[in-house]
Amino acid sequence: MGYMTEERRLIQETARAFAMKEVLPVANRLDPEKGDIPPELIQKLADMGYFGIVIPEEYGGLGLGVFEYCLITEELARAWMSVASIIARGNGLSAGRGMTDAQRAVFLPRAARGEFLGAAAMSEPNVGSDLGSIACRARRDGDDWVINGNKYWCTFADGADYIMLVARTSDSPDPKRKHVGLSSFLIEKPRGTLPPGVKGAPIPKIGYFGWKTWELAFDDCRLPGSALIGEEGRAFYYISAGLERARAHTAARSIGLARGALEDATAYAQERRQFGQAIGDFQNTRFRLARMATDIEAARQLMYFVCDEIDQKRRCDKEAAMVKLFASEMAERVTSEALQVFGGAGYTTLHAVERYWRDARLTKIFEGTSEIQQRIISDHLLGKPQQKGQERDKAA
């Protein structure tokens, strides 16, 4: 039996219908004006169970695997990558890395219902892939923690119900192990606000609209002792444990963008006429579309393999890096080719293809840059496999 069971096909078809009916029209309307994802669309995602795809049923989730998570993600990304991304703000808590049983019982059901969505505050103005260089500090003050420092690239900081902060709680005893001494904090807050002691401003972007991405300044931000997630000084290991799934998710987003561009370009090629015939009748256009479709399918099959390995709990950090690298590079190439099929019409905001093109470029940067993925892969090839928890990477 192949990867695609009847149950998975039904999940895929349901997500495809939802994306095309509920997401794509909203994206086509709001992305050109840089509008935010409407609350009613977020509620529809919650009603579909998409914030709890991989959250166990005992906590109110769907209890599905990474494979189904990525099937749904591809369909949503075909409509709007930001919507395919926002579902990670619920599913991201599913592993409960570092959380106690009591914390899981409180947080996971809320996340599954779409009532507890998060933002990640890890990167800093001078820190991207090298998380070990985080300078934002958390110091004890009685039973509380006091946070000072700056964070960058914190998407959804205002709209989220909590911010997952990574800050330094102690200096590393070894310059070669800078990641030691980082801790995670869960900062709860009302939706639509920033926490007390935190100021921020949206960062101008060329794409990834639907939500704002923030620069944050923590100035004596006081947190209760219970805000600490897991063991003090272990945040880097909690982050690293989820990288395989995060990279598969990014691959799914990349594939969805590329597929949207291909489908739109194929339709346009049959409508647009030049020199007395549809441009899709020209061999150059036909072969261009064939190459695009082949690239997408190659990325999809590699993603299926990686998802299956993750669900079978087999280590696949090399393959996860490969699919993230290949799919993101493919998406930029395919969306650019699609824009070429559209010609001048593609270089306007009249067609979604320019949105796919803009957003595809980001997939080569977040969840670990292409350069980071190449380093991981080459380390394996050269007999220097990275150990779990020792990758230096950025989760976006």
Side-chain angles (χ1 to χ4, degrees), residues 1-16 18-19 45 48-57 61-78 81 83-97 112 239-260 294-331 360 363 366-368 370 372-373 376-377 380 388 391 393 395-396:
M1 180 181 294
Y3 292 124
M4 290 300 293
T5 63
E6 285 303 311
E7 180 184 10
R8 285 173 172 172
R9 290 191 189 281
L10 179 60
I11 290 170
Q12 182 185 56
E13 291 168 4
T14 301
R16 182 168 300 180
F18 177 85
L45 290 165
M48 294 294 291
Y50 288 164
F51 290 114
I53 298 168
V54 292
I55 292 178
E57 291 181 279
L62 298 181
L64 299 172
V66 174
F67 197 106
E68 290 79 13
Y69 179 40
C70 287
L71 280 182
I72 294 168
T73 293
E74 179 189 332
E75 299 305 324
L76 296 178
R78 188 264 179 261
M81 187 175 77
V83 168
S85 299
I86 201 172
I87 66 170
R89 305 312 175 102
N91 288 284
L93 274 182
S94 63
R97 290 182 295 276
I239 295 167
S240 298
L243 289 176
E244 290 170 1
R245 187 171 74 183
R247 287 169 182 157
H249 179 244
T250 298
R253 288 182 282 179
S254 302
I255 293 164
L257 290 169
R259 200 188 92 220
T294 302
D295 283 349
I296 292 169
E297 191 59 36
R300 182 182 289 118
Q301 292 302 319
L302 179 55
M303 181 190 71
Y304 286 171
F305 169 77
V306 169
C307 289
D308 190 61
E309 292 294 286
I310 296 171
D311 286 339
Q312 297 301 324
K313 296 181 170 33
R314 291 190 285 260
R315 180 175 175 175
C316 59
D317 47 323
K318 178 185 70 175
E319 293 81 5
M322 285 178 170
V323 75
K324 198 279 182 184
L325 172 66
F326 183 77
S328 61
E329 299 273 333
M330 175 278 296
T363 65
F366 64 13
E367 296 295 356
S370 291
I372 286 290
Q373 310 310 320
I376 295 166
I377 297 164
H380 279 275
K388 285 282 189 178
E391 290 182 41
D393 202 346

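Values in this document were obtained by computation on a predicted structure and should not be read as measured data.
Among all heavy-atom pairs drawn from Tyr50 and Phe18, the shortest one is CE1-CD2, 4.0 Å. The two atoms that bring Ala252 and Cys70 nearest to each other are CB-O, 3.5 Å, heavy atoms only. The two residues Ile255 and Met303 come nearest to each other via the heavy atoms CD1-SD, 3.8 Å. Minimum interatomic distance between Ala258 and Met330 (heavy atoms only, all atoms of both residues): CB-SD, 3.6 Å. Residue Ile86 comes nearest to Phe51 through the heavy atom pair O-CE2, 3.4 Å, listed as atom of the first residue, atom of the second, then distance. Closest of all the heavy-atom pairs between Ala84 and Thr73 is CB-O, 3.6 Å.
For the pair Thr363/Met81, a side-chain contact is recorded, criterion being any heavy-atom separation below 4.5 Å from C-beta on. The closest side-chain heavy-atom distance from Leu93 to Ile55 is not below 4.5 Å. Between Arg259 and Glu74 there is a side-chain heavy-atom pair separated by less than 4.5 Å. Looking only at side-chain heavy atoms (C-beta outward), Ile87 and Tyr69 come within less than 4.5 Å of each other.
Classification of Arg78 and Glu75 as a salt-bridged pair fails, no side-chain N sitting under 4.0 Å from a carboxylate O. Under the 4.0 Å criterion applied to side-chain N and carboxylate O atoms, Lys324 and Glu367 are not assigned as salt-bridge partners.
Taken to the nearest 0.5 Å, the CD atom of Glu319 stands 7.5 Å off from the NE2 atom of His380. Summarising the geometry, atom CD belonging to Glu13 is positioned 6.5 Å from atom CG belonging to Leu10; distances are rounded to the nearest 0.5 Å. For the atom pair Ile377 CD1 and Met322 CE, the distance stands at 5.0 Å (nearest 0.5 Å). In this structure, CD in Gln301 is found 12.5 Å from CD1 in Ile296, a value given to the nearest 0.5 Å. Within the model, atoms CE of Met48 and OG1 of Thr14 stand 6.0 Å from one another, a figure rounded to the nearest 0.5 Å.
Take Glu6 and apply the side-chain contact (heavy atoms from CB on, under 4.5 Å) test, not counting sequence neighbours, and it matches Arg9.
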Query raised in the report: Please walk me through it: do Leu71 and Tyr304 pass side chain to side chain contact (heavy atoms under 4.5 Å, CB included)?
Result: CA-CA 9 Å; Leu71 280 182; Tyr304 286 171; 3.7 Å; yes
**Report entry** Steps toward side chain to side chain contact (heavy atoms under 4.5 Å, CB included) verdict (Val66, His249)
**Finding:** CA-CA 8 Å; Val66 174; His249 179 244; over 6 Å; no
Query raised in the report: So Leu62 and Glu68, side chain to side chain contact (heavy atoms under 4.5 Å, CB included) or not? Walk me through it.
Result: CA-CA 10 Å; Leu62 298 181; Glu68 290 79 13; over 6 Å; no
Requested in this report: Any chance you could lay out the side chain to side chain contact (heavy atoms under 4.5 Å, CB included) test for Gln12 and Arg16, step after step, and finish with the verdict?
Outcome: CA-CA 6 Å; Gln12 182 185 56; Arg16 182 168 300 180; 3.9 Å; yes
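Of the possible polar contacts, one joining the Asp311 side chain to the Phe67 backbone as a donor-acceptor pair under 3.5 Å is found. A donor-acceptor contact shorter than 3.5 Å is absent between the side chain of Glu244 and the backbone of Ala320.
For the residue pair Arg253 / Ser85, a side-chain donor-acceptor distance below 3.5 Å is found, with atom types taken as modelled.
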